[in-house]
Amino acid sequence: MNYLMVMAFVLYFVLILAIGFIFFFKSKSAGNGEKEYFLGGRSMGPFVTAMSAQASDMSGWLLMGLPGSIMAFGFGQIWVSIGLMLGTICNWVFVAKRLRNFSQAANDSITVPQYLSNRFATKSMTLRIVSAIVFLVCFTVYVASGFKAGGILFSKVIGLDESTAMLIFAIILVAYTFTGGYKAVCWTDFFQGLMMLVAIVAVPIILVETQNLDITKINEGFEGTKYMFELNPFKASWTDIISGLAWGLGYFGMPHILVRFMAIKKSSMIKKSATVAIIWVIITLAAASVIGLLGRLYIPELINAGEQENVFIEIVKDVCPAFIAGILLSAVLAASMSTADSQLLVASSSFTSDIYKPVFRKNASDKEILWMGRLVVLIIAVIAYFIAADPGADSIMGLVSNAWAGFGSSFGPVILLSLYWKRLTYKGACAGIIGGAAVDILWLVFLSKSTGIYELFPGFIIGLILTVVVSLIDKAPSKEVTDIFDLATSKGYGEEN
């Protein structure tokens with residue numbers, strides 16, 4: 001065990017836990033309301049919003065899954081990065097400001113399912129319950145990917161077995177999410193986003209400066225195998241290109257990112273947030289891709305061992321002094337934690353606001369809702385731990401891709417249409433969410449391997465078609481519903497708050 005490296009880890013965790021407890025005591029003194037715990041009282045500034053949104057977006061797969069995939073299979077995998085970059089830009093440009101205003105106009109909604117129900121001024125619980133169930137399932141799988149990334153890192157650095165390392169990681173993560181709520185999650189994500197940026201840019205620079213790498217040896221030892229590296233991304237198959245670009249569609253339905261848009265203080269701050277977020281994502285995705293290429297030249301033996309997802313960890317341990325290595329490797333924890341904490345919080349808020357209170361305890365107090373939300377955080381974390389600890393569990397990239405597709409197929413088309421199409425109806429939204437989720441699951445189970453097409457693409461397309469067709473067949477929305485649309489799109493709305 002390298003004690004300097006462990007010391008850096010300990011210092012990082014002390015900082016993270018301190019932030020959680022600071023906001024726990026602040027929230028107690030300010031009033032521990034549901035809106036404060038789950039949405040930060042709509043008080044977040046542009047820089048915290050931007051960094052928190054992107055840090056919660058890019059989980060451990062940014063530093064492990066993506067570089068490992070490119071390392072093993074070449075720049076054909078870079079279409080995932082391109083799809084995510086385009087999706088990020090479109091999400092900030094076309095969704096962020098409108099969703100901030102629409103969620104406020106729709107009875108000051110604090111969760112995505114609540115927003116969708118309020119947007120149609122309905123008391124029907126169908127959409128909220130279906131949405132909350134999709135949230136719980138997809139978020140549990142997503143959190144499992146974060147636990148897996150954190151467990152691998154702990155086991156590599158501290159020497160613990162992976163299950164024990166995962167358990168420690170989960171306990172720390174749950175502790176500050178459980179106590180501090182949305183503000184604690186956002187502020188920890190802010191610092192974690194900065195750490196991820198520094199680490200992912202520093203590592204390829206250090207590697208190039210300290211090692212004599214020869215690009216002509218990129219395929220040495222892999223001739224005739226499936227691991228031949230192709231430098232030209234345009235030589236990728238059409239299915240790889242479509243599937244990679246389809247990742248960008250997932251952003252429109254990603255609740256832990258959408259809730260950042262809902263929580264920003266004023267809609268006028270969106271432009272500044274968008275600039276910061278887009279620059280961050282372009283730099284980090286490009287750097288992750290370069291790490292995959294350089295890792296192939298530096299430690300190609302990881303591929304034959306099936307450990308290509310550890311490329312960032314192994315490079316840092318090899319080329320950096322111990323304490324610096326500990327700080328840089330904390331970025332992997334930052335990536336994993338910044339996504340998992342957001343997902344735990346959004347999943348628990350959805351369950352308590354969209355199922356527990358309206359279905360089981362209509363008169364539940366704010367205090368009861370808060371503690372039920374914290375209990376749900378704990379339950380999801382426990383289930384996610386057992387999924388991640390299962391020896392037969394998918395890779396980090398595989399777990400992330402399944403959850404990402406589930407959200408994008410279910411909610412992406414409906415969220416977009418809810419912000420831009422006045423004729424959208426409640427039944428159309430329900431059909432789109434249920435149909436998109438069903439196609440996603442069926443494609444994953446029966447057609448994904450044979451076609452090579454990522455299930456998000458057909459799920460999103462069918463969800464979009466169903467939403468439009470059922471809305472047109474259904475009777476037009478009431479004046480109450482169209483008034484919400486007109487209010488949210490009126491000039492200056494959202495600026496005075």
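Note that the numbering runs from 1 along the sequence shown for the chain.
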- [ ] Quick one: do Cys320 and Leu328 satisfy side chain to side chain contact (heavy atoms under 4.5 Å, CB included)? Show the steps, please.
- [x] CA-CA 9 Å; Cys320 298; Leu328 293 178; 3.7 Å; yes
Using every non-hydrogen atom in the two residues, find where [X] and [Y] come nearest and quote the distance to one decimal.
| X | Y | value |
| --- | --- | --- |
| Arg100 | Met262 | CD-O, 3.7 Å |
| Ser409 | Glu455 | OG-O, 4.0 Å |
| Thr239 | Gly452 | CB-O, 3.7 Å |
| Met166 | Phe147 | CG-O, 3.0 Å |
| Ala96 | Ile270 | CB-CG2, 3.7 Å |
| Ala388 | Ala144 | CB-O, 3.3 Å |

Counting distance only, does the side-chain N/O of [X] pair as donor-acceptor with the main-chain N or O of [Y] below 3.5 Å?
| X | Y | value |
| --- | --- | --- |
| Ser243 | Asp240 | no |
| Tyr251 | Trp92 | no |
| Thr284 | Val281 | yes |

Contact check, side chains of [X] and [Y], non-hydrogen atoms, under 4.5 Å:
| X | Y | value |
| --- | --- | --- |
| Lys148 | Glu162 | yes |
| Leu399 | Tyr142 | no |
| Ile70 | Arg296 | no |
| Phe312 | Leu66 | no |
| Asp440 | Ser410 | no |
| Ile453 | Trp443 | yes |
| Leu293 | Leu231 | yes |
| Leu62 | Leu285 | yes |

TODO: May I ask you to decide if the ring planes of Trp247 and Tyr454 are parallel, tilted or perpendicular, using 30° and 60° as cut-offs?
DONE: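 Plane angle under 30°, so parallel.
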Going by the rule side chain to side chain donor-acceptor pair (under 3.5 Å), which residues pair with [X] if we only count those two or more places apart in sequence or in a different chain?
| X | value |
| --- | --- |
| Asn310 | none |
| Tyr385 | none |
| Thr164 | Asp161 |
| Tyr115 | Ser418 |

Pairwise distance [atom1]([X]) to [atom2]([Y]) - rounded to 0.5 angstrom:
| X | Y | atom1 | atom2 | result |
| --- | --- | --- | --- | --- |
| Ile383 | Leu136 | CD1 | CG | 8.5 Å |
| Ile282 | Ser81 | CD1 | OG | 12.0 Å |
| Glu230 | Gln77 | CD | CD | 12.0 Å |
| Ile324 | Met5 | CD1 | CE | 11.0 Å |
| Ile257 | Thr88 | CD1 | OG1 | 7.0 Å |
| Ile415 | Asn91 | CD1 | CG | 10.0 Å |

Open item on the list: Tell me whether Phe73 at atom CZ has more than 12 heavy atoms from other residues, nucleotides or ligands lying less than 6.0 Å away.
Closed with: yes
Task: Residues in side-chain contact (heavy atoms from CB on, under 4.5 Å) contact with Leu302, at least two apart in sequence or another chain - done: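 Listed in chain order: Met71, Ile299, Glu307, Val311, Glu314.
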Open item on the list: Suppose we screen for side-chain contact (heavy atoms from CB on, under 4.5 Å). Which residues come up paired with Met372, at least two apart in sequence or across chains?
Closed with: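 side-chain contact (heavy atoms from CB on, under 4.5 Å) check on Met372 returns Phe351, Thr352, Tyr356, Leu375, Val376.
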Would you please name every residue forming a ring-ring contact (aromatic ring centres under 6.0 Å, His included) with [X], sequence neighbours left out?
| X | result |
| --- | --- |
| Tyr298 | none |
| Phe135 | Phe139, Phe407, Phe411 |
| Trp79 | Phe234 |
| Phe75 | Phe229 |

Task: Selection residues 196-218 - residue pairs positive for side-chain hydrogen bond (donor to acceptor under 3.5 Å, both in side chains), sequence neighbours left out - done: Asp214-Thr216
- [ ] Please determine if Arg98 forms a cation-pi arrangement with Phe261, meaning its NZ or CZ atom is less than 6.0 Å from the six-membered ring centre and no more than 45° off the ring axis.
- [x]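 No - Arg98 does not lie over the ring of Phe261 by the 6.0 Å and 45° rule.
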- [ ] Using the test salt bridge (charged side-chain N to carboxylate O under 4.0 Å, His left out), find all partners of Glu368 that sit at least two apart in sequence or belong to another chain.
- [x] Arg361
TODO: Just do the side chain to side chain contact (heavy atoms under 4.5 Å, CB included) check on Val259 and Val112 with the steps written out, would you?
DONE: CA-CA 7 Å; Val259 76; Val112 172; 5.6 Å; no
TODO: Take Trp404 and Leu249 through the side chain to side chain contact (heavy atoms under 4.5 Å, CB included) test and state the conclusion after the steps.
DONE: CA-CA 10 Å; Trp404 189 268; Leu249 298 174; over 6 Å; no
